[in-house]
Amino acid sequence: MSKVEFIGIGAQKAATTWLHHVLSEHSAVTMGDTKELNFFTANYDRGYIWYESCFADGPAGTIKGECSPTYFFSLDAPQRARDYNKDFKLICILRDPVERAYSNHLHEIRKGHIASSISFEDALARNPAYARQSQYKTNLEHWLACFDRSALLLLFSEDISENPKRAYDQICRHLAIAPDPNPASLSDRHHETVTYRSPAVQHTLRRGGDMMRSLGMRKAVRTVKALPGFKHALSMNKEHLKTKIAPPTSETRQRLTDLFTPDMEFVAQVTGRAELPWQTWRERKGGV
């Protein structure tokens, strides 16, 4: 079996699902059989043979890769990844660090890990991972200690939302593959703020959609979602968590802005960008 050649390392809640889907559709790419293999974190003891068995053997010239956001903030994953393949190509997508932390909170509620009655402030105090995963400087430094800067493609989820085609082309250039025309998932949005009033409906829809995608029926999933009756029923069952869960208070936002300032400055330095597409960056600089 051939080696895995690239990994999406995170960050969590920063368009890694989009990355997985657009690359799963690419004719020159074979993605792992599940979205998050977590090999270099939770499943490392299963060994390289298990890891490589999670990928189908594609035609000659195709490359293998996977996306596991747990890699980004892991202390062990960078060296483990280098030990496996020192020539790995890495893709990392970052998001406004305060918005990412808040989205982390919504995700935990959506998954049923914590009650919706727990405020962001209380959850932040109880779960250090909320902040740790947004501390980009430390996490990136761990990866850059093991891989050359040229191995790392650093993108922003906000830029992907604004121009997904441009981001897709950047990814293909980094992986040295030609972009496929009109990938079906290019403009998809994966909303962490949406949940369903009926857990049974949520489970059924998610399982059915995943099964169809695994069978190569992504376009069929999109067609079904667009059917008027189905679309109406889906809409009636949806709840938007942002209408129920209070955002960070102004005091919390300021505290997190101060905490993440070194991280934002490091990202600006590494990417060579004078401006970052983040509200927290603009607030730090005294903008609107």
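The first residue of the sequence shown is numbered 1, and numbering continues consecutively from there.
Using modelled atom types, no side-chain atom of Asn104 and backbone atom of Lys13 make a donor-acceptor pair closer than 3.5 Å. Not a single donor-acceptor pair under 3.5 Å links the side chain of His21 to the backbone N or O of Asp188. Not one N or O on the side chain of Gln12 forms a donor-acceptor pair closer than 3.5 Å with the backbone of Gln133. Here the side chain of Arg95 pairs no donor or acceptor atom with the backbone of Ser134 at under 3.5 angstrom.
In this structure, Phe266 has no ring-ring contact (aromatic ring centres under 6.0 Å, His included) partners at least two apart in sequence or on a different chain. Qualifying ring-ring contact (aromatic ring centres under 6.0 Å, His included) partners for Tyr71, counting only residues two or more places apart in sequence or in other chains: Phe40. With sequence neighbours left out, Ala15 forms a side-chain contact (heavy atoms from CB on, under 4.5 Å) with Trp18, Ile93, Ser157, Ile160. Residues satisfying the side chain to side chain donor-acceptor pair (under 3.5 Å) criterion with Asn127, sequence neighbours excluded, are absent altogether. Here Glu121 pairs with Ser119, Pro248, Thr249, Thr252 under the side-chain contact (heavy atoms from CB on, under 4.5 Å) rule; sequence neighbours left out. With sequence neighbours left out, Thr41 forms a side chain to side chain donor-acceptor pair (under 3.5 Å) with Thr70. With sequence neighbours excluded, no residue satisfies ring-ring contact (aromatic ring centres under 6.0 Å, His included) with Phe73. In this structure Asp169 satisfies the side chain to side chain donor-acceptor pair (under 3.5 Å) test together with Lys165, sequence neighbours excluded. Shown here are the side chain to side chain donor-acceptor pair (under 3.5 Å) partners of Glu108, two or more places apart in sequence or in another chain: His113.
Across Gly32 and Leu37, no two heavy atoms sit closer than the pair CA-CD1, 4.1 Å. For Thr16 against Ala11, the heavy-atom pair with the smallest separation is CG2-O, 3.5 Å. The two residues Ile114 and Ala123 make their nearest non-hydrogen contact at CD1-CB, 4.3 Å.
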Applying side-chain hydrogen bond (donor to acceptor under 3.5 Å, both in side chains), run through Gln170 and Arg173 and close with a yes or a no. CA-CA 5 Å; Gln170 287 178 278; Arg173 282 196 300 272; 5.5 Å; no
For Asn139 and Gln135, what are the C-alpha separation, side-chain angles and deciding distance, and is it a side-chain hydrogen bond (donor to acceptor under 3.5 Å, both in side chains)? CA-CA 7 Å; Asn139 295 325; Gln135 291 179 305; over 6 Å; no
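Rounded to the nearest 0.5 angstrom, Thr261 OG1 and Glu283 CD are separated by 10.5 Å. Between Lys89 atom NZ and Ile171 atom CD1 the span is 13.0 Å, to the nearest 0.5 Å. In this structure, Tyr51 OH and Lys3 NZ are separated by 10.0 Å, a value rounded to the nearest 0.5 Å. Here the CG atom belonging to Asn43 is positioned 8.0 Å from the SG atom belonging to Cys54, to the nearest 0.5 angstrom.
For Phe72 and Trp143, the distance between ring centers is not under 6.0 angstrom.
Among residue pairs with one or both ends in residues 259-269, those qualifying as salt bridge (charged side-chain N to carboxylate O under 4.0 Å, His left out) are Glu265-Arg284; sequence neighbours excluded. Sequence neighbours left out, the pairs with a member in residues 33-62 that pass salt bridge (charged side-chain N to carboxylate O under 4.0 Å, His left out) are Asp57-Lys64.
A heavy-atom distance below 4.5 Å is found between the side chains of Asp96 and Glu158. Contact check for Asn38 versus Tyr44: no side-chain heavy atoms found under the 4.5 Å cut-off.
Under a 4.0 Å N-O distance rule, the pair Lys137/Glu141 qualifies as a salt bridge. Using a cut-off of 4.0 Å between Lys/Arg side-chain N and Asp/Glu carboxylate O, Arg273 and Asp159 are scored as salt-bridged.
In this structure, Leu75 places its CG atom where more than 12 heavy-atom neighbours from other residues, nucleotides or ligands lie under 6.0 Å away. Heavy-atom neighbours of Lys86 NZ from other residues, nucleotides or ligands within 6.0 Å: at or below the threshold of 12.
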Please table the atom pairs, donor to acceptor, closer than 3.5 Å between any side-chain atom in residues 145-154 and protein atoms at least two apart or in another chain.
from   : atom 1 : to     : atom 2 : distance (Å)
Arg149 : NH1    : Leu152 : O      : 2.6

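In this pair, Tyr84 and Phe88 present their aromatic rings tilted. The plane angle is within the 30 to 60° band. By the 30° and 60° cut-offs, the orientation of the rings of Tyr168 relative to His26 is tilted.
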